[in-house]
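Working notes, structure below.
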Amino acid sequence: MEKIPTLSEWIGGYPRMEELMTKFYEKVLQDELVGPLFKHMSAQHVTHVAQFVTEVFQGPALYTNERNGSHALMVAHHLNRHLTEEHRKRWVGLLLDTADEMGIPADPEFRSALVAYLEWGSRIAVANSNATDNPIADDAPMPVWGWGEAKGPYQPPS
C-alpha cells in the first residue's frame, strides 16, 4: 500500500505554502474590509502563518521549532481583535481565490480538507477575537489536520 501524503506534501510543502500566503496577504492588504486589520502586521507575519499552517497540515514543525510557537501563541494573536463574520468570510474567500489563481490542488479531497480547516480555524479566530483571556493552555498540542477528521469542540449547536 502506498503512503498517503500529508496535506502539506500534497500542496507542495512549506515553499508552496509560503508562496500562497505571500500572494494571499498581498490581496488582503488591498482589501477595504480586511486590509485595515492587517495594515500593521509584522514583516514576519506571512512567514509565521505559512509555518503554522504547514505544521498543522503535518509538515515540518517550523512554527514550533523556529518560532518557538504553539497553538496558544497563535490563538493569543487573535484575542481582543473583535473580528466579525463578515471579516471571516472575506478572509476565507480571498485565500481560496488566491489558491485557485495559483493552481493549488483543486481535487475534491484536498479542497474539502483545506476548506474544512479554513472554516474551523477562522471560526475559532472570530470566537477568540472577542475574548481577553486565552482559552488554550500554553502546553496544548498543535492542531493536526488531515484528509477529513472532525476536530471538535463537539458542542451542540445553540
Side-chain angles (χ1 to χ4, degrees), residues 5-84 86-106 110-132 134-147 149 151:
T6 66
L7 296 177
S8 176
E9 291 167 337
W10 196 258
I11 199 171
Y14 175 75
R16 189 71 165 150
M17 183 67 74
E18 185 176 40
E19 182 183 4
L20 172 63
M21 291 304 167
T22 297
K23 291 178 189 265
F24 163 64
Y25 278 105
E26 288 170 2
K27 284 185 183 297
V28 164
L29 289 173
Q30 299 303 313
D31 187 84
E32 61 187 45
L33 177 64
V34 293
L37 300 172
F38 293 92
K39 68 181 177 185
H40 298 297
M41 72 179 173
S42 74
Q44 296 81 30
H45 182 85
V46 170
T47 299
H48 296 163
V49 173
Q51 289 176 334
F52 181 84
V53 178
T54 297
E55 186 169 340
V56 169
F57 280 12
Q58 300 178 51
L62 301 172
Y63 188 77
T64 297
N65 296 334
E66 293 182 18
R67 170 98 168 101
N68 197 22
S70 65
H71 189 207
L73 178 62
M74 182 58 77
V75 168
H77 290 299
H78 296 89
L79 297 176
N80 207 26
R81 300 281 181 165
H82 305 288
L83 305 174
T84 66
E86 189 178 15
H87 292 131
R88 187 195 73 76
K89 286 181 180 178
R90 180 72 58 85
W91 189 91
V92 169
L94 288 171
L95 201 147
L96 291 174
D97 288 348
T98 306
D100 288 340
E101 291 165 10
M102 287 180 57
I104 295 296
F110 179 77
R111 194 49 63 101
S112 175
L114 176 62
V115 169
Y117 173 72
L118 294 175
E119 285 288 324
W120 178 78
S122 65
R123 289 172 189 278
I124 288 173
V126 169
N128 290 329
S129 78
N130 292 298
T132 54
N134 196 334
I136 305 296
D138 288 341
D139 61 351
M142 286 287 280
V144 176
W145 209 264
W147 290 97
E149 300 89 342
K151 295 295 182 189

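We use all heavy atoms of the structure for the numbers below, so side chains are in, but hydrogens, waters and symmetry mates are not. Note that the numbering runs from 1 along the sequence shown for the chain.
When side chains are defined from C-beta on, Val56 does not count as touching Leu7, because their heavy atoms never get closer than 4.5 Å. Val49 places none of its side-chain heavy atoms less than 4.5 Å from the side chain of Met17. A 4.5 Å side-chain heavy-atom check between Gln51 and Thr54 finds every atom pair outside the cut-off.
Rounding to the nearest 0.5 Å places CG of Leu20 at 5.0 Å from CG of Leu95. Annotation: the span from Thr84 atom OG1 to Leu33 atom CG amounts to 6.0 Å, rounded to 0.5 Å. Note that OG1 of Thr64 is 3.0 Å distant from CD of Glu55, once rounded to the nearest 0.5 Å. To the nearest 0.5 Å, atoms CD1 (Ile11) and CZ (Phe57) are separated by 6.5 Å. Annotation: the span from Ile124 atom CD1 to Ser129 atom OG amounts to 12.0 Å, rounded to 0.5 Å. Here Glu19 contributes atom CD and Tyr14 contributes atom OH; the two are 12.0 Å apart, rounded to the nearest 0.5 Å.
In this structure, Phe24 has its ring center closer than 6.0 angstrom to the ring center of Trp91. Separation of the Tyr117 and Trp145 ring centroids falls under the 6.0 Å cut-off.
Contact record, Pro5 with Trp147: O-NE1, 2.8 Å, taken as the closest heavy-atom pair. Contact record, Glu119 with Arg88: OE1-NH1, 3.1 Å, taken as the closest heavy-atom pair. Minimum interatomic distance between Gln58 and Ser8 (heavy atoms only, all atoms of both residues): C-CB, 4.2 Å. Summarising the geometry of Leu83 relative to Val126, their closest heavy-atom pair is O-CG1, 3.7 Å, with the distance given to 0.1 Å. Shown here for Lys23 and Thr98, the closest heavy-atom pair between the two residues is CB-CG2, 3.8 Å. Pairing each heavy atom of Glu32 with each of Pro36, the nearest pair is O-CD, 3.4 Å.
Between Lys89 and Glu86 there is no salt bridge, since none of the side-chain N atoms of the basic residue sits less than 4.0 Å from a carboxylate O of the acidic one. A salt bridge does not link Asp97 to Lys27: none of the charged nitrogens lies less than 4.0 Å from a carboxylate oxygen.
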For this session: Apply side chain to side chain contact (heavy atoms under 4.5 Å, CB included) to the pair Leu94 and Val34, showing each step before the final yes or no.
Result: CA-CA 10 Å; Leu94 288 171; Val34 293; 3.8 Å; yes

Exercise. Side chain to side chain contact (heavy atoms under 4.5 Å, CB included) between Leu114 and Leu96: does it pass, once the steps are laid out?
Worked result: CA-CA 9 Å; Leu114 176 62; Leu96 291 174; 4.0 Å; yes

For this session: Mind running side chain to side chain donor-acceptor pair (under 3.5 Å) on His45 and Tyr25 for me, showing each step along the way?
Result: CA-CA 9 Å; His45 182 85; Tyr25 278 105; 3.2 Å; yes

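Residues passing the side-chain contact (heavy atoms from CB on, under 4.5 Å) test with Ala106 are Arg111, sequence neighbours excluded.
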